[in-house]
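Input: a single structure, listed below in structure tokens.
Here is the naming used below: chain letters follow the sequence lines, and residue numbers restart at 1 for every chain.
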Amino acid sequence: MAARFKDIEEKWQRRWEEAGLHLAERDSRPKFMIIFAYPGVTGYLHVGHMRGYTYVDAIARYKRMEGHNVLFPVGTHATGNGAISLANRVAARDPDTLEYLLRNGCPQDRIEDLETPEGVVEFFNDVYVNDYWKRFGFLADWRRFTSSIRPDYSRFIQWQFRKLMEKGLLVQKPYYAPACVDCGPVAVDPSETDLSKGGGAEVNEYTLLKFRCGDELLIAATLRPETVFGQTNFWVNPDVEYARVKVGEETWIVSAPAARKLSFQMDDVEVLGQVRGKELLGMMCQAPMVGREIPVLPAGFCDPEVGTGLVTSVPSDAPDDLVALRQLQGDPSLMESYGLDPSVADIEVIPIIDIEGYGPCAAADSVDRVGITESGDPRLVEAKKQVYKDGHHLGRMNKLCTGYEGLRVEEAKERMRDDMLAAGEAELFHDLSEEVVCRCGGPVMIRRVDDQWFIDYADPDLTARTKAHCEEMGIFPAEYHHNVQAVLDWFRERACVRKGSWLGTRFPFDEEWIIEAISDSTLYPVYYIISMHANDGSLSPEQMGEDFFDHVILGRGDAAAVSRSTGVPVELLESIREDISYWYPLDLNLGGKEHMTVHFPAFLFNHQAVMPEDKLPRGIFVNWYITGKKGKISKSKGGAQPIPGAAEKFGVDALRLYYAHVASPFQDVEWDEDIVTSYRHRTERTMRMMEELHSLDGEDEGSVDAWMLSRMSRHVAEAGGHMESYDLRQMANVVYFDIPNDIRWYLRRGGRCRRTARKALDAWLRMTCPITPHIAEEAWESLGGEGLLSSAEYPAAEGTDPSSELGESYLRDVLEDVNEIVRVTGMKARSLHLYTAPEWKNLVQSMAVEMARAGELSVPALTKRAMQDERVRRNGKAASEFAKKVAQDTARRSAAELERLSAPIDELTLLQDAKGFLESELGVAIELHDAADPRHDPQGKAKAAMPLRPAMLLE
RNA sequence: GCGAGGGUUGCCGAGCCUGGUCAAAGGCGACAGACUCAAGAUCUGUUCCUGCAGAGGUUCGCCGGUUCGAAUCCGGCCCCUCGCACCA
């Protein structure tokens with residue numbers, strides 16, 4: 001079967017290609033433009049990535065069948081240093097890298113092509129297009145393929161930045177960026193794209209506090225500048241060799257690693273010499289802000305790699321400080337061994353912050369609660385975290401904090417920091433929370449960049465307009481439609497250019513800078529409309545200057561004039577201009593959930609900033625991941641199924657159905673081969689059932705035929721509705737599960753009508769085409785369909801037949817009831833008597849339904865009306881009791897249920913028609929009776945007959 | 001911390017916005033039967049508890065509230081997941 005699927009896939013992909021189905025050209029139809037956020041070229045992708053891409057192809061196929069002219073272009077994002085680092089590793093013949101390439105199917109003789117970054121990018125562009133997207137049957141317009149490091153693309157990005165500048169959205173200011181000392185800025189994030197270690201690190205802002213000690217300054221780094229009022233002493237590690245550093249006019253003492261870090265963030269940093277921590281012990285230094293003289297004491301927990309390796313001691317709020325101080329004070333011999341003055345024992349904790357749920361000294365509470373007495377106790381980590389957290393959110397400065405008393409900690413922190421900075425008592429310092437190592441092996445540090453360019457996404461007007469536009473957009477899931485408002489508010493200025501080893505576009509205002517990865521991937525969908533002409537050679541990058549883009553995208557200037565200044569023929573300019581007017585805006589941009597706070601807001605902001613009102617994006621769709629057993633399937637961590645292998649193993653359509661149906665797109669799914677296999681079985685069953693339907697050749701039509709067509713019409717409407725809101729899962733559920741279930745019932749009921757079967761099959765086949773196009777085409781052809789199904793129309797819903805639907809559900813209910821009785825009683829019946837409700841009961845029932853739909857139903861109202869009818873009244877007390885019961889039951893029906901019940905059916909005729917079916921299903925002889933006049937009713941069952949609920953007797 | 005989402009019957013997963021048709025779709029798995037030499041596939045039935053007449057009972061994280069009526073609405077609690085900036 002695997003071979004057969006593969007043959008089918010190749011056959012139809014070839015035919016689609018020959019028919020040019022994927023090519024998009026402007027015409028008179030309504031247009032639909034859809035993309036997925038193009039992938040970064042980082043190496044081989046895995047089966048998880050195909051999820052979102054597949055949604056896009058399925059939606060595009062649906063839209064095409066539904067009457068739209070669809071543009072679905074693809075490209076890749078190659079900006080960054082990923083390709084550079086891979087090329088370097090290949091060039092160095094790194095064994096792990098080679099193994100990785102070969103394992104994923106890279107031919108041995110292509111490896112040397114991967115020694116340059118450009119080679120890497122072109123190689124993977126080819127892999128993505130041919131081994132992934134074409135292999136999955138995507139109908140993308142390949143002519144428009146572009147990649148973010150191509151020269152023509154760069155011209156577009158430069159134009160975009162000129163427009164941002166024109167709008168005043170590019171600003172310059174100092175910035176602290178994580179950077180490899182060799183490669184330049186790198187991304188520090190959990191995916192570790194740029195890194196070999198430390199993706200979880202955070203950038204902390206420390207306040208450097210200056211403690212005057214003779215002619216020198218001891219520098220402590222703190223995350224809690226608001227605690228300076230509680231300082232009692234200063235900590236140094238006696239065993240560490242500190243550096244004496246000249247910073248401007250001052251002489252600082254910090255750890256050696258800190259001195260190096262400082263040199264990336266401050267000017268004029270010069271190491272003068274060394275000083276052993278031990279030598280500083282016992283000296284007095286002057287604490288900033290409070291001006292107190294405090295002693296320098298020893299502490300082993302001062303780590304030269306963290307902050308400055310020197311620490312100011314606030315025992316009231318820092319558990320580490322408190323424990324160390326107590327330990328020292330409680331050990332006179334230790335004090336003596338360091339030659340400390342005995343007065344150290346008299347140092348008292350100074351409470352400065354009131355925290356709800358704590359006494360005056362939060363650190364003491366926290367430490368004493370769990371009985372921590374020694375520095376280095378592992379529980380200190382948690383204690384510190386908790387005290388800091390509670391202090392930060394719940395704390396208020398007490399009356400000892402002159403000038404800040406009563407302030408919330410959050411507020412005091414900023415004000416005290418700023419005041420000390422202004423007074424020259426402090427400086428700012430940024431550091432990473434853990435060791436970070438670049439892909440190249442070099443250390444990553446925080447580097448100050450003075451003239452960093454930013455895109456000003458914090459601009460209030462831009463933000464307000466973007467938020468307003470998002471309200472009107474189709475954003476899926478709905479939660480993100482809501483959440484994006486908060487994201488747009490939170491989005492700040494973003495550093496948009498960088499220096500160093502990096503593929504990308506030169507910043508047009510200063511060619512030393514290269515535009516970074518997020519910033520050159522925000523407006524690109526519109527470029528797919530142009531790229532085709534660069535790809536076929538009609539446009540050269542040199543021609544694509546500001547005039548060109550101003551004209552074709554913004555409609556500025558006169559075509560003839562632009563043609564003269566650019567050398568682009570007028571006809572081509574006009575054609576591109578019209579294409580953009582036609583295709584843009586983008587109808588849907590689909591991307592993974594990682595884009596929610598990075599790419600999508602930037603995408604929205606840039607369109608809002610650069611594009612006219614009528615070219616703003618209309619839709620965003622966010623999909624969640626396919627994960628491995630433990631977390632994300634990761635190409636770097638191995639074990640993931642390569643995409644071509646999965647296609648071979650399961651069949652492309654099975655995978656497409658799996659992605660579409662396995663879960664809501666807004667939920668992570670664990671990759672599980674058994675589940676995928678079950679979808680493969682589903683595709684096989686679907687094909688078999690189609691063949692079976694096609695083989696029916698009966699002529700007779702019965703009530704079940706009306707039912708079948710009614711159901712099909714209902715399913716067509718439902719599936720279409722789901723697709724309009726891009727709900728592939730619900731659509732797949734209808735097409736691959738609900739419809740087969742109905743067909744099974746049709747066959748079980750004896751439905752054999754050729755006309756009905758053909759009609760149902762025709763609609764069904766068309767509905768399967770967006771998700772499982774290969775097998776749909778194959779079945780379409782073998783069952784005699786004309787032309788390509790992929791270019792056929794999506795079926796239109798016809799009317800439904802409520803009576804036949806109610807009738808069949810009535811028969812199912814009867815079957816169920818009989819089965820239940822047989823099961824419960826355990827009897828082996830030979831005959832079944834069915835008693836349908838007498839006419840008067842049906843009358844009362846329909847009155848009740850009618851009154852309920854008119855909102856006039858009540859027990860007295862129904863009773864009154866029913867008793868006015870002679871046919872009811874003559875049943876006396878039974879009639880009034882029945883009316884009461886029916887009124888009560890009917891009153892709690894929903895509107896949908898009432899509508900269903902209002903369809904007219906004749907139970908006796910229905911049962912008469914289905915008698916043969918019921919007898920063979922149940923294996924009993926059946927006799928039908930009107931309960932008003934039963935011919936055989938030894939147990940008096942007939943009187944229990946209710947509308948839609950016949951009484952029965954099994955014998 | 002900031003922002004968002006979620007906890008449903010063996011598993012996956014609908015339903016919740018718009019309260020009653022909900023013991024709660026569908027799939028998967030399991031069990032039984034039919035078919036078959038057999039297996040697979042397919043079809044049928046069962047799959048919370050009880051029940052020799054189509055029924056009853058107890059369920060939708062926990063506690064409480066609103067309501068004639070709550071998986072669905074409200075409040076509180078517990079637990080989990082996700083995003084958080086130079087990674088499309």
Side-chain angles (χ1 to χ4, degrees), chain A residues 36-42 75-77 79-80 82 148 175 177-178 185-195 199 203 389 392-393 410 457 477-480 482-483 485-487 489-498 516-522 524 591-603 624-625 661-664 666-670 672 674-675 678-679 681-682 684-685 688-689 729-730 733 736-738 741 744 747-748 813-814 816-827 891-898 900-901 921 939 941 944 949 951-954:
Chain A
F36 49 76
Y38 56 11
V41 181
T42 49
T76 61
H77 187 244
T79 309
S148 67
Y175 181 59
V186 291
V188 175
D189 72 276
S191 74
E192 300 193 339
T193 309
D194 296 348
L195 308 175
V203 178
K389 194 169 140 185
H392 186 75
H393 297 286
E410 285 180 84
Y457 294 120
E479 291 77 34
Y480 186 55
H482 173 70
N483 186 216
Q485 296 286 325
V487 172
D489 271 330
W490 160 88
F491 215 75
R492 300 194 300 264
E493 300 92 342
R494 185 178 188 96
C496 60
V497 294
R498 47 175 293 155
E516 64 79 41
I518 306 296
S519 305
D520 77 351
S521 55
T522 58
Y524 70 92
K593 64 179 175 182
E594 74 276 23
H595 296 313
M596 289 196 290
T597 49
V598 183
H599 170 251
F600 286 136
F603 160 76
W624 268 236
Y625 300 141
H661 185 263
V662 68
S664 153
F666 315 128
Q667 190 175 327
D668 288 334
V669 171
E670 201 175 89
D672 179 337
D674 292 344
I675 305 276
S678 79
Y679 280 98
H681 291 155
R682 176 60 57 175
E684 290 165 355
R685 284 171 71 173
R688 272 198 303 273
M689 185 170 265
R729 178 180 152 79
Q730 294 280 22
N733 207 51
Y736 297 89
F737 296 89
D738 292 347
N741 281 347
R744 245 186 7 240
L747 295 171
R748 186 177 167 192
D813 289 346
V814 169
E816 249 176 57
D817 279 352
V818 176
N819 277 332
E820 185 171 352
I821 294 169
V822 169
R823 187 173 73 249
V824 168
T825 62
M827 67 192 287
R892 60 179 59 157
R893 304 278 186 181
S894 66
E897 181 75 350
L898 289 173
R900 203 173 82 91
L901 291 176
E921 283 285 323
Q939 294 182 29
K941 297 279 188 193
R949 203 78 204 280
M952 51 187 70
L953 171 68
L954 273 168

Exercise. Whole-Å distance between B:rA85 P and A:Trp490 CH2?
Worked result: 6 Å

Seminar exercise, completed: With sequence neighbours left out, the residues meeting ring pair (Phe, Tyr, Trp, His ring centres under 6.0 Å) with A:Phe666 are A:Phe621

Exercise. Taking C-beta and beyond as the side chain, do A:His77 and A:Asp520 meet within less than 4.5 Å on heavy atoms?
Worked result: yes

Exercise. Contact class for A:Ala602 (heavy atom, under 4.0 Å): base, sugar-phosphate, or nothing?
Worked result: nothing

Exercise. Taking side chain as C-beta onward, heavy atoms only, is A:Glu820 less than 4.5 Å from A:Glu816?
Worked result: no

Problem set entry | Side-chain donor or acceptor of A:Tyr480 paired with backbone N/O of A:Met596 under 3.5 Å | yes

For this session: Find the distance between CZ (A:Phe600) and NZ (A:Lys593) and round it off to the nearest 0.5 Å.
Result: 13.5 Å

Seminar exercise, completed: Here the pair of heavy atoms bringing A:Ala495 nearest to A:Ser519 is O-OG, 4.3 Å

Restricting both atoms to N or O, compile the protein contacts to nucleotides 42-46 of chain B shorter than 3.5 Å, with distance only.
from, atom 1, to, atom 2, distance (Å)
B:rU42, OP1, A:Arg685, NE, 3.1
B:rU44, OP2, A:Arg744, NE, 3.3
B:rU44, O3', A:Arg748, NH2, 3.4

Problem set entry | Candidates B:rA55, B:rA53, B:rA88 - which lies nearest the side chain of A:Tyr38 | B:rA88

For this session: Using the test salt bridge (charged side-chain N to carboxylate O under 4.0 Å, His left out), find all partners of A:Arg748 that sit at least two apart in sequence or belong to another chain.
Result: A:Glu921

For this session: Starting from C1' on B:rC84, measure out to CD on A:Glu594 and report it in whole angstrom.
Result: 14 Å

Give me the distances for all protein-to-nucleotides 29-34 of chain B N/O pairs that come in under 3.5 Å?
none

Problem set entry | Nearest listed nucleotide, side chain of A:Asp817, among B:rA88, B:rG54, B:rC52 | B:rG54

For nucleotides 9-13 of chain B, list the nitrogen or oxygen atoms of the protein found under 3.5 Å from its nitrogen or oxygen atoms, one pair per line.
from, atom 1, to, atom 2, distance (Å)
B:rG13, OP1, A:Gln667, NE2, 2.3
B:rG13, O2', A:Arg729, NH2, 2.6

For this session: Would you indicate, yes or no, if B:rA85 has its OP1 or OP2 atom less than 4.0 angstrom from a side-chain nitrogen or oxygen of A:Arg498?
Result: no

For this session: Report the base-pairing partner of B:rG69 (Watson-Crick or G-U wobble, both distances below 3.5 angstrom), or none.
Result: none

Problem set entry | Pairwise C1' distance for B:rC22 and B:rA70, with rounding to whole Å | 11 Å

Exercise. On a whole-Å scale, what distance lies between the P atoms belonging to B:rG65 and B:rC16?
Worked result: 26 Å

For this session: If B:rA34 has a Watson-Crick or G-U wobble mate with both distances under 3.5 Å, name it; if not, just say none.
Result: B:rU42

Exercise. Nearest to the side chain of A:Val824, which nucleotide is it out of B:rG26, B:rA53, B:rC84?
Worked result: B:rA53

Problem set entry | Nearest-Å distance once atom C1' is located in both B:rU59 and B:rC49 | 10 Å

Exercise. For the residue pair A:Ala37 and A:Gly591, what are the closest heavy atoms and their distance?
Worked result: CB-CA, 4.3 Å

Seminar exercise, completed: Side-chain atoms of A:Asn741 come closest, of B:rG54, B:rG27, B:rC52, to B:rG27

For this session: Could you tell me whether the phosphate oxygens of B:rA88, OP1 or OP2, come under 4.0 Å of any side-chain nitrogen or oxygen in A:His599?
Result: no

For this session: May I ask you to say what A:Arg492 touches in the nucleic acid, namely base, sugar-phosphate or nothing, with a heavy-atom cut-off under 4.0 Å?
Result: base

For this session: May I have the distance from A:Lys593 (atom NZ) to B:rA88 (atom C1'), rounded to whole angstrom?
Result: 16 Å

Problem set entry | Pair A:Tyr679, A:His661: side-chain N/O donor-acceptor within cut-off below 3.5 Å | yes

For this session: For residues A:Trp624 and A:Pro477, determine if any side-chain heavy atom of one lies less than 4.5 Å from a side-chain heavy atom of the other.
Result: yes

Exercise. Base, sugar-phosphate, or nothing: which does A:Asp674 touch, judged by heavy atoms less than 4.0 Å apart?
Worked result: nothing

Exercise. Distance between the C1' atoms of B:rA23 and B:rG15, in whole angstroms?
Worked result: 13 Å

Exercise. So, for A:Lys941 and A:Ala951, which heavy atoms are closest and what is the spacing to 0.1 Å?
Worked result: O-CB, 3.3 Å

Exercise. Between A:Ala944 and A:Gly40, who's closer to the 5' end of RNA chain B by nearest nucleotide?
Worked result: A:Ala944

Problem set entry | Minimal non-hydrogen separation, A:Gly75 against A:Pro39, with atom names | O-CD, 3.5 Å

Seminar exercise, completed: Partner of B:rC48 under the Watson-Crick or G-U wobble criteria, both distances under 3.5 Å, comes out as B:rG57

Exercise. Rounded to the nearest 0.5 Å, what separation is found between the CD1 atom of A:Ile821 and the CE atom of A:Met827?
Worked result: 9.0 Å

For this session: Calculate the interatomic distance between A:Phe491 atom CZ and B:rG83 atom P; express it in whole Å.
Result: 16 Å

For this session: Please state how far atom CZ in A:Phe603 lies from atom P in B:rA88, giving the value in whole angstrom units.
Result: 16 Å

Seminar exercise, completed: A:Glu820 CD to B:rA53 P, in whole Å, measures 10 Å

Exercise. Quick one: which of B:rA53, B:rG54, B:rG27 gets closest to the side chain of A:Arg949?
Worked result: B:rG54

Problem set entry | Distance (rounded to the nearest 0.5 Å) between A:Tyr524 OH and A:Phe603 CZ | 8.0 Å

Seminar exercise, completed: By nearest-heavy-atom nucleotide on RNA chain B, the more 5' of A:Met827 and A:Gln730 is A:Gln730

Atom pairs under 3.5 Å: protein N/O with N/O of nucleotides 3-8 of chain B:
from, atom 1, to, atom 2, distance (Å)
B:rG3, O2', A:Asn483, ND2, 2.5

Exercise. Can you check the A:Tyr679 OH to B:rG26 P distance for me, whole Å?
Worked result: 15 Å

For this session: Select base, sugar-phosphate, or nothing to describe what A:Leu953 touches, counting heavy atoms under 4.0 Å on all strands.
Result: base

Problem set entry | Separation between NE2 of A:His681 and CD of A:Glu684, rounded to the nearest 0.5 Å | 5.5 Å

Problem set entry | Nearest-Å distance once atom C1' is located in both B:rG76 and B:rU66 | 15 Å

Exercise. Using atom C1' of each nucleotide, how far apart are B:rG13 and B:rA38 to the nearest Å?
Worked result: 36 Å

Exercise. Can you name the closest pair of heavy atoms from A:Ser148 and A:Tyr38 and give their distance?
Worked result: CB-OH, 4.2 Å

For this session: Please determine, for B:rG26, whether a Watson-Crick or G-U wobble partner exists with both distances under 3.5 Å, and give it or none.
Result: B:rC12

Exercise. When the distance from CZ of A:Phe737 to P of B:rA14 is rounded to whole Å, what number comes out?
Worked result: 13 Å

For this session: Return the minimal non-hydrogen interatomic distance between A:Thr79 and A:Glu516, and the atom names on each side.
Result: CG2-C, 4.1 Å

For this session: Scan A:Ala495 against the nucleic acid and name what it touches under 4.0 Å (heavy atoms): base, sugar-phosphate only, or nothing.
Result: base

Exercise. Does B:rC2 have a Watson-Crick or wobble partner in any strand here, with both distances under 3.5 angstrom, and which is it?
Worked result: B:rG83

Problem set entry | Gap in Å between the two C1' atoms, one belonging to B:rG19 and one to B:rC74, rounded | 13 Å

Exercise. Roughly how far apart, to the nearest Å, are B:rG57 and B:rC12 at atom C1'?
Worked result: 28 Å

Problem set entry | Partner nucleotide of B:rG19 by Watson-Crick or wobble geometry (both distances under 3.5 Å) | none

